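Reminder, nothing fancy here: chain letters follow the sequence lines and each chain counts from 1. If you're wondering where the values come from, they're calculated on a predicted model, not measured in any experiment.
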There are 2 protein chains.
Amino acid sequence: MEDILNTCRAKKLRITKALTAIVGVLMEQKLPVSLADLESHPDLRKICDRTTIFRTLHRLEDIGLLRRLNFSERGAKFTLKTGHAHNEYLICEDCGTVQALDIACPVHKLEEELAKETGFTKLHHELEFYGICAECK
Amino acid sequence: MEDILNTCRAKKLRITKALTAIVGVLMEQKLPVSLADLESHPDLRKICDRTTIFRTLHRLEDIGLLRRLNFSERGAKFTLKTGHAHNEYLICEDCGTVQALDIACPVHKLEEELAKETGFTKLHHELEFYGICAECK
DNA sequence: ATACCTGCAAAGTCTTTGCCTTAGG
DNA sequence: CCTAAGGCAAAGACTTTGCAGGTAT
């Protein structure tokens with residue numbers, strides 16, 4: 001938590017009540033969350049409105065602390081980049097549940113090769129497996 | 001083309017002018033396209049409107065001929081599932097260009113393991129690499 | 001003949017911006 | 001103090017739906 005706030009300070013963000021609350025909520029998430037998820041979170045509902053969350057998320061993204069994911073049909077989801085970020089997810093197309101896969105990155109080597117072959121920099125990836133889960137089948 | 005239309009017939013879709021035109025345009029695409037891309041395509045612009053394309057895409061998705069992808073920040077993109085579908089893409093976060101990677105699927109084995117371990121069925125995946133391309137850097 | 005399909009317009013949903021106020025450094 | 005951040009309301013950008021009329025089978 002302090003690490004994150006220090007990075008914010010270093011990047012000239014002001015440490016406001018909203019920022020600390022949002023970072024706090026983001027830290028306790030096991031899965032990526034949407035803007036709407038945050039808006040309705042009890043710790044945020046009363047202290048800041050949607051616009052503040054929206055802009056704060058973008059600031060965090062700009063300074064490289066937050067990753068935006070696009071796997072939901074409608075709307076982005078966000079996850080902190082700190083620590084052991086998961087980049088692989090398993091999603092049921094029927095009930096919509098998402099689980100992070102706790103596996104070694106299966107495309108790390110490929111990513112390095114791509115960087116070499118294509119000249120792309122700052123490579124990262126997003127890998128989602130979709131299917132129908134055991135319950136829904 | 002005939003294969004696709006036959007599948008449509010088998011699934012009780014009516015073979016309308018709009019359907020054949022949309023399938024035709026989809027077949028000539030090398031990359032996934034958005035609803036807006038289709039709407040402005042010269043072969044479609046005059047013969048059908050956005051709603052028709054929207055609903056046709058959903059019908060094609062329902063009968064399993066079309067895949068919906070979510071990698072663009074805003075709005076879905078679609079690609080036919082026929083033949084050698086690409087499931088891996090390389091995307092520049094600055095200029096937004098997308099290229100399909102012509103590589104052997106790097107997660108095929110993992111996908112089979114997942115099916116076995118989790119009980120998921122109908123597994124498929126979406127893998128996107130993001131970065132900054134050589135020109136934009 | 002009868003479902004299904006189409007087009008237009010309108011309603012939704014979620015994101016983004018303008019502008020004035022508040023408060024961090 | 002000075003400038004970034006917050007809040008409200010309104011504008012955007014797409015997507016989705018209702019309904020009347022057209023068309024494939």
Engineer: Just the table, please: protein N/O against nucleotides 19-25 of chain C N/O, every pair under 3.5 Å.
Structural biologist:
from, atom 1, to, atom 2, distance (Å)
C/dG24, N2, A/Arg14, NH2, 3.0
C/dG24, N3, A/Arg14, NH1, 3.4
C/dG25, OP1, A/Ile15, N, 2.9

Engineer: Rounded to whole angstroms, how far apart are CZ on B/Arg68 and C1' on D/dC14?
Structural biologist: 12 Å
Engineer: Can you list the other members of the hydrophobic cluster that holds B/Ile132, where links are side-chain heavy atoms under 4.5 angstrom apart?
Structural biologist: none
Engineer: Take atom CD1 of B/Ile53 and atom C1' of C/dC5, then tell me their distance rounded to the nearest Å.
Structural biologist: 14 Å
Engineer: In chain order, what residues pass the ring pair (Phe, Tyr, Trp, His ring centres under 6.0 Å) check against B/Tyr130, with sequence neighbours excluded?
Structural biologist: A/His124
Engineer: Using a heavy-atom cut-off of 4.0 Å across all strands, would you classify A/Ala36 as base, sugar-phosphate, or nothing?
Structural biologist: nothing
Engineer: Quickly work out the B/Lys77 NZ to D/dC14 P distance and round it to whole Å.
Structural biologist: 11 Å
Engineer: State whether the number of non-hydrogen atoms from other residues, nucleotides or ligands found under 6.0 Å of A/Arg68 atom CZ is greater than 12.
Structural biologist: yes
Engineer: Take the protein atom CZ of B/Phe54 and the nucleotide atom P of C/dC8, then report the distance between them rounded to whole Å.
Structural biologist: 17 Å
Engineer: Can you tell me which residue pairs pass the side chain to side chain donor-acceptor pair (under 3.5 Å) test with a partner in residues 100-109 of chain B, sequence neighbours excluded?
Structural biologist: B/His108-B/Glu112
Engineer: Which of residues 38-49 of chain B have a heavy atom under 4.0 Å from DNA chain D?
Structural biologist: none
Engineer: Look up atom OG1 in B/Thr51 and atom CZ in B/Arg55, then write down how far apart they are to the nearest 0.5 Å.
Structural biologist: 5.5 Å
Engineer: Rounded to whole Å, please give me the gap between CG in B/Leu19 and P in C/dC4.
Structural biologist: 15 Å
Engineer: Tell me every residue that passes side chain to side chain donor-acceptor pair (under 3.5 Å) with B/Gln99, counting only those two or more places apart in sequence or in another chain.
Structural biologist: none
Engineer: According to salt bridge (charged side-chain N to carboxylate O under 4.0 Å, His left out), who are the partners of A/Glu113, at least two apart in sequence or on a separate chain?
Structural biologist: none
Engineer: For C/dT15, does either OP1 or OP2 sit under 4.0 Å from a side-chain N or O belonging to A/His58?
Structural biologist: no
Engineer: When the distance from CG of A/Asp37 to P of C/dC14 is rounded to whole Å, what number comes out?
Structural biologist: 11 Å
Engineer: Within the sub-3.5 Å range, which N or O atoms of nucleotides 9-13 of chain C have a protein N or O partner, and how far apart are they?
Structural biologist:
from, atom 1, to, atom 2, distance (Å)
C/dT13, O2, A/Arg74, NH2, 3.3

Engineer: Not counting sequence neighbours, list each pair that qualifies as a ring pair (Phe, Tyr, Trp, His ring centres under 6.0 Å) and has a residue in residues 36-57 of chain A.
Structural biologist: A/Phe54-A/His58
Engineer: Please name all residues satisfying side chain to side chain donor-acceptor pair (under 3.5 Å) with B/Asn6, sequence neighbours left out, ordered by chain then number.
Structural biologist: B/Arg9
Engineer: Going by side-chain heavy atoms closer than 4.5 Å, which hydrophobic residues are tied to B/Leu114, directly or by a chain of links?
Structural biologist: A/Leu90, A/Leu101, A/Ile103, A/Val107, A/Leu110, A/Leu114, A/Phe120, A/Leu123, A/Leu127, A/Phe129, B/Leu90, B/Leu101, B/Ile103, B/Val107, B/Leu110, B/Phe120, B/Leu123, B/Leu127, B/Phe129
Engineer: Would you give me the side-chain donor-acceptor pairs under 3.5 Å for residues 14-24 of chain B, sequence neighbours excluded?
Structural biologist:
from, atom 1, to, atom 2, distance (Å)
B/Thr16, OG1, B/Leu19, N, 3.1
B/Thr20, OG1, B/Thr16, O, 3.3
B/Thr20, OG1, B/Lys17, O, 3.0

